[in-house]
Number of protein chains: 2
Amino acid sequence: MPSPRITLDRTSPVPLYFQVAEQLERAILGGEIEAGQRLENEIAMAQELGLSRPTMRQAIQVLVDKGMLVRRRGVGTQVVRGQVRRNVELTSLFDDLSAAGQKPSTRVLSLERIDAPLDVSEELQLAAGAPVWSLRRLRMIGEQPLALMHNFLPADVVQLGDVDLDSIGLYAYLRDAGFVIRVARQSISARRVGPDETHLLAEDIDSPLLTMQRTAFDNSGRAIEFGRHAYRPELYSFDMTLVDR
Amino acid sequence: MPSPRITLDRTSPVPLYFQVAEQLERAILGGEIEAGQRLENEIAMAQELGLSRPTMRQAIQVLVDKGMLVRRRGVGTQVVRGQVRRNVELTSLFDDLSAAGQKPSTRVLSLERIDAPLDVSEELQLAAGAPVWSLRRLRMIGEQPLALMHNFLPADVVQLGDVDLDSIGLYAYLRDAGFVIRVARQSISARRVGPDETHLLAEDIDSPLLTMQRTAFDNSGRAIEFGRHAYRPELYSFDMTLVDR
DNA sequence: GAGTGGTCTAGACCACCTC
DNA sequence: AGGTGGTCTAGACCACTCA
């Protein structure tokens, strides 16, 4: 039975369940606990760490939600086989790429204040024709164009006039400006490249594009951003883990 | 302050937190609680229902995880604006379409027992060349071809010889056979249609296809199924809700 | 029958937000 | 200052699995 060494710091502001989850995750990723192997039972682990059982359960639940552990009543908790796939998360493409050690760059193609078209005002839960920012950007990875991004943000809510979006991701800016994105609804599909996009994405005519459209909401449940994006599928994919709950 | 009428059945095998979550969800979807509105606080709701606070919290957490509610410390719990998007879930395409009231049909193109190619054996965590089922199916929606699906399943684990896959979804069969799919890792991208697929999916040459590849694991963490699928993007998209945790 | 996770209780203290 | 959600405790009983 594997028992990774876990240390707790009760003076830390980091919750105990999170400290345990972090160290357990490292132990699994680092191979200290083998794939398919069973963990000690919750009660014993809690006792050894001097935690209550609910706290220990909460820690394990974090990794169950990530798809790294599987629990079965009457049996125990096991490590899922197969390598972990990094998830689609609530970050922008810019953050994604930066975290992956790549060097993304951005070219702002246009930024204007317009009256929201009907579909946009609906997605953002605004009155028809309400003022919105329309932002078109081209994301490059090195010298290669990767994605064409078109975002809409309610102009009454977000000040976007004097932001240097060439050097900062949109989500990073929103975070700095105090907007906490909590929920996003997105839809992924594909289409043929359009005639006006062909030169930007350096594709030949008829090339396939991966498309994503997303509406993001802040922690008060208000729509903050709606975007329609197109990616070169040879260079990008959406990876995710689904967990049955 | 909205207070939907919630009734509990303590004799039911359905957990109390789940009963509450279900009725709260119905109240939100049915418009009894308006978008953007705040819920009563956890402690009051728990008291009114005769529940402990942790149980009430667990109920609310279910809807937070679905992206329907947002919690803020010091403020309260609010309903997220914007319509709910049905999630990508751990079901097969067949189940998805059936649930949506559509009439899917399936044509099994081929089913053979083969030695696993290297990439397949790696995805399924098998030894190279281990026996696997190779299953190719065409999914139709009415008269229109919708998706071309290619699945691989470890032959030592799953008996697939005499299953009528024309009339039952693969996941429904696996469920009936006692396999509980708990976790799946998937990747979504796009590509150009291949020359051998063009006639099946009734696309002209150069048409874009939406692609999904998925590895599914059962509740013991063992890989059960690996699939590479291609969808006609005019007819299908992957919808999902992301929640920051 | 023994061992496991799933649910539930009744409290406690704290961090954060708004007024 | 008062109210909210976030965390944590120390138990309890139950359902399920497996030998």
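Note on naming: letters A, B, ... go to the chains in the order of the sequence lines (proteins, then strands), and numbering restarts at 1 for each one.
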Check your understanding: In whole Å, what is the span from the CZ atom of Phe18(B) to the C1' atom of dG6(C)?
Key -> 14 Å
Review point. Which nucleotide in the set dG5(C), dT9(C), dA10(D) lies at the smallest distance from any side-chain heavy atom of Ser52(A)?
Key: dA10(D)
Check your understanding: If you pin Val75(A) and Tyr17(A) to their nearest nucleotides in DNA chain D, which one's is more 5'?
Key -> Tyr17(A)
Review point. If only side-chain N and O atoms of Asn41(A) are considered, is one of them under 4.0 Å from the OP1 or OP2 phosphate oxygen of dG3(C)?
Key: no
Study note, to complete from the structure: Atom CG of Leu69(B) and atom P of dG6(D) are separated, to the nearest Å, by 12 Å
Revision key, fill the gap. The side-chain contact (heavy atoms from CB on, under 4.5 Å) partner of Phe226(A) among Gln125(A), His150(A), Arg214(A), Glu123(A) is Glu123(A)
Review point. Ser237(B) and Asp239(B): side-chain donor and acceptor closer than 3.5 Å?
Key: yes
Review point. Is there a side-chain polar atom (N or O) of Arg10(A) under 4.0 Å from OP1 or OP2 of dT9(D)?
Key: yes
Exercise for review: Side chain of Arg53(A) only, please: which of dC13(D), dG6(D), dT9(D) is the nearest?
Suggested key: dC13(D)
Review point. Rounded to the nearest Å, what distance is computed from the CE atom of residue Met45(B) to the P atom of nucleotide dG5(D)?
Key: 10 Å
Study note, to complete from the structure: Between Gly74(A) and Arg71(A), whichever has its closest DNA chain C nucleotide further toward 5' is Gly74(A)
Review point. How do Ile43(B) and Gly50(A) order along DNA chain D: which one's closest nucleotide is nearer the 5' end?
Key: Ile43(B)
Exercise for review: Taking atom types as modelled, find out whether Tyr171(B) and Glu225(B) have a side-chain donor-acceptor pair closer than 3.5 angstrom.
Suggested key: yes
Check your understanding: When all nucleic acid strands are considered with a 4.0 Å heavy-atom cut-off, which category describes Arg72(B): base, sugar-phosphate, or nothing?
Key -> sugar-phosphate
**Study point:** Whole-Å gap separating P (dT4(C)) and CD (Gln78(A))
**Key:** 13 Å
Exercise for review: Return no unless some side-chain N or O of Thr77(A) is found under 4.0 Å from OP1 or OP2 of dG5(C).
Suggested key: yes
Practice item. Tell me, yes or no, whether the heavy-atom count around Glu48(A) atom CD, taken from other residues, nucleotides or ligands under 6.0 Å, exceeds 12. Key: yes
Study note, to complete from the structure: Leu8(A) CG to dT9(D) P, in whole Å, measures 9 Å
Practice item. Please state how far atom CD in Gln58(A) lies from atom C1' in dG5(C), giving the value in whole angstrom units. Key: 16 Å
Point to revise | Test item: Phe238(A) and Gln186(B) side chains (from C-beta on) under 4.5 Å apart, heavy atoms | key: no
Point to revise | Between dC8(D) (P) and Arg57(B) (CZ): distance, integer Å | key: 11 Å
Review point. What does Leu16(A) touch in the nucleic acid at a heavy-atom separation under 4.0 angstrom: a base, only the sugar-phosphate, or nothing?
Key: sugar-phosphate
Exercise for review: May I ask you to say what Pro54(B) touches in the nucleic acid, namely base, sugar-phosphate or nothing, with a heavy-atom cut-off under 4.0 Å?
Suggested key: base
Check your understanding: Rounded to the nearest Å, what distance is computed from the CD atom of residue Gln47(B) to the P atom of nucleotide dG3(D)?
Key -> 14 Å
Check your understanding: OP1 or OP2 of dT9(D) less than 4.0 angstrom from a side-chain nitrogen or oxygen of Thr55(A), does that happen here?
Key -> yes
